[in-house]
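Remarks on the structure that follows.
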Amino acid sequence: MLGPVILAASRSDKMRRIVSAAPVTKPVVNRFIPGETVDQVIPIVEELTRAGLEVTLDVVGEDITEVEQSYAARDAYLQLIERLAELGLGEKAEMSVKLSMFGQALEGGHELALANVRPVVEAAAAIGTTVTLDAEDHTTLDSMFAIHEELRRDFPQTGCVIQAYLFRTEADARRLAAAGSRVRIVKGAYKEPAEVAYQDKAEIDKAYVRILKTLMDGEGYPMIGSHDPRLIAIGQELARKAGRKLDEYEFQMLYGIRSEEHLRLAAEGHRMRVYTAYGTDWYGYFMRRLAEKPANLLFFVRSMITKN
């Protein structure tokens, strides 16, 4: 029951001020977000790739209110891609983008977001990597999928994210499970109404398995976004039954969560990608990580009690 409360707090300016001012916040946030700048995150990418892992990089930030902020988001990703190219890391590190950062919610936002994300996708392709369009709340998804379809005409490797807790997602998965597609499946981390999303964890897990089976049986490239040991094992079994080789799907987990499991899967020959976020606008991202896993919240609260 704590999850919805935390998700509501992620949109609260008052809670943002309280959490940001707490002395313990920064060291706890650093567990999930290892830096605020490109220079701080690049050594993390190098460390992870040396360990046999791959990386997804996310410049955090969502609630922009000015067109100029969308240009800044675009430029931040272009700077990141330039640094990855200099270090020869393109094939090991992809980008994940939220179209809200690129102006999707502003007036004329669909066209603005497409215009901003296209040069990022183009630059990523030039260094041998790709971009995945992240899923946000359900009201943004038709626009996201339309932009995804448009980008894939020139850059077919462009990926997208689907969320198991939404009722619509099973149909989306059937449409997306086509040759050449790249689809990351996650449970979902936004507060959604009962009219559009499952509210019960068990129902969400069942939907996740059904959707993952659709992806595994399809002709695309499934990306399993989960830290749940049971779902990871089910994913391995579904891949085996579908006759997939180890390089025909991958696992994705967040930086700072179950790091030993990252290494275990990679040692077994699986493609294991670590979702690594960085940037100064960390609050919304951080709060959703707390909402996803109660243990994260308990870790944070204990730290606050100890420090204060």
Side-chain angles (χ1 to χ4, degrees), residues 34-50 52-61 64 67-104 109-135 143-161 176 178-184 220-223 225 247-250 252 255 271-279:
E36 294 188 349
T37 68
V38 172
D39 288 338
Q40 289 172 335
V41 81
I42 285 295
I44 301 298
V45 177
E46 293 177 314
E47 177 185 346
L48 292 171
T49 55
R50 282 196 300 268
L53 303 165
E54 298 181 50
V55 182
T56 287
L57 290 163
D58 176 6
V59 183
V60 292
I64 69 167
V67 172
E68 289 73 18
Q69 293 173 296
S70 75
Y71 300 150
R74 174 201 62 198
D75 292 345
Y77 274 96
L78 292 175
Q79 179 190 25
L80 169 62
I81 292 168
E82 183 177 344
R83 289 297 306 279
L84 293 173
E86 291 171 358
L87 297 169
L89 292 171
E91 294 184 359
K92 292 293 185 179
E94 71 158 21
M95 266 58 64
S96 188
V97 304
K98 289 180 171 61
L99 292 175
S100 59
M101 276 187 66
F102 288 77
Q104 186 186 45
H110 180 87
E111 292 75 16
L112 177 62
L114 176 58
N116 278 329
V117 76
R118 183 179 289 278
V120 175
V121 173
E122 183 176 1
I127 70 166
T129 189
T130 188
V131 171
T132 295
L133 305 185
D134 209 345
S143 172
M144 185 274 281
F145 285 129
I147 290 174
H148 176 246
E149 184 176 350
E150 178 68 24
L151 291 170
R152 287 199 70 213
R153 292 175 184 171
D154 296 319
F155 305 97
Q157 70 275 31
T158 305
C160 70
V161 177
L176 291 164
S181 68
R182 297 174 64 258
V183 182
R184 181 199 306 152
Y221 181 78
M223 300 179 284
D247 62 353
E248 293 177 338
Y249 63 98
E250 69 182 48
Q252 295 193 9
Y255 178 87
R271 294 191 70 181
M272 174 62 226
R273 193 178 298 275
V274 182
Y275 190 105
T276 307
Y278 73 98

Rounded to the nearest 0.5 Å, what's the gap from [atom1] on [X] to [atom2] on [Y]? Could you check?
{"X": "Thr158", "Y": "Glu149", "atom1": "OG1", "atom2": "CD", "answer": "12.0 Å"}
{"X": "Leu48", "Y": "Arg273", "atom1": "CG", "atom2": "CZ", "answer": "11.5 Å"}
{"X": "Leu80", "Y": "Ile42", "atom1": "CG", "atom2": "CD1", "answer": "6.0 Å"}

Measure across [X] and [Y] and return the closest heavy-atom pair with its distance rounded to 0.1 Å.
{"X": "Ser100", "Y": "Ile64", "answer": "O-CG1, 3.5 Å"}
{"X": "Met95", "Y": "Leu84", "answer": "SD-CD1, 3.9 Å"}
{"X": "Glu36", "Y": "Gln40", "answer": "N-OE1, 2.6 Å"}
{"X": "Ile81", "Y": "Ala123", "answer": "CG2-O, 3.7 Å"}
{"X": "Pro119", "Y": "Leu78", "answer": "O-CD2, 3.7 Å"}
{"X": "Leu176", "Y": "Ser181", "answer": "O-OG, 2.6 Å"}

Side-chain donor-acceptor pair present, Glu94, Thr129, cut-off under 3.5 Å: no
Going by atom types alone, do Arg271 and Tyr221 pair a side-chain donor with an acceptor below 3.5 Å? yes
Return yes if some donor-acceptor pair links the side-chain N/O of Arg184 with the main-chain N/O of Val161 below 3.5 Å, else return no. no
Sub-3.5 Å donor-acceptor pair from the side chain of Arg182 to the main-chain atoms of Gln157, do we have one? yes
Can you spot which of Thr132, Thr56, Asp58 makes a side chain to side chain donor-acceptor pair (under 3.5 Å) with Tyr275? Asp58
Test side-chain contact (heavy atoms from CB on, under 4.5 Å), reference Ile147, set Glu111, Arg152, His110, output is His110
side-chain contact (heavy atoms from CB on, under 4.5 Å) partner of Arg74, the single match among Asn116, Val117, Val59, Val97: Asn116
Where do Glu150 and Arg118 land on the salt bridge (charged side-chain N to carboxylate O under 4.0 Å, His left out) test, with the steps shown first? CA-CA 10 Å; Glu150 178 68 24; Arg118 183 179 289 278; 3.5 Å; yes
Glu86 and Arg83 ion-paired at < 4.0 Å: yes
Near-ring test Phe102/Tyr77, centroid separation under 6.0 angstrom: yes
Other residues, nucleotides, ligands: >12 heavy atoms within 6.0 Å of Glu248 CD: yes
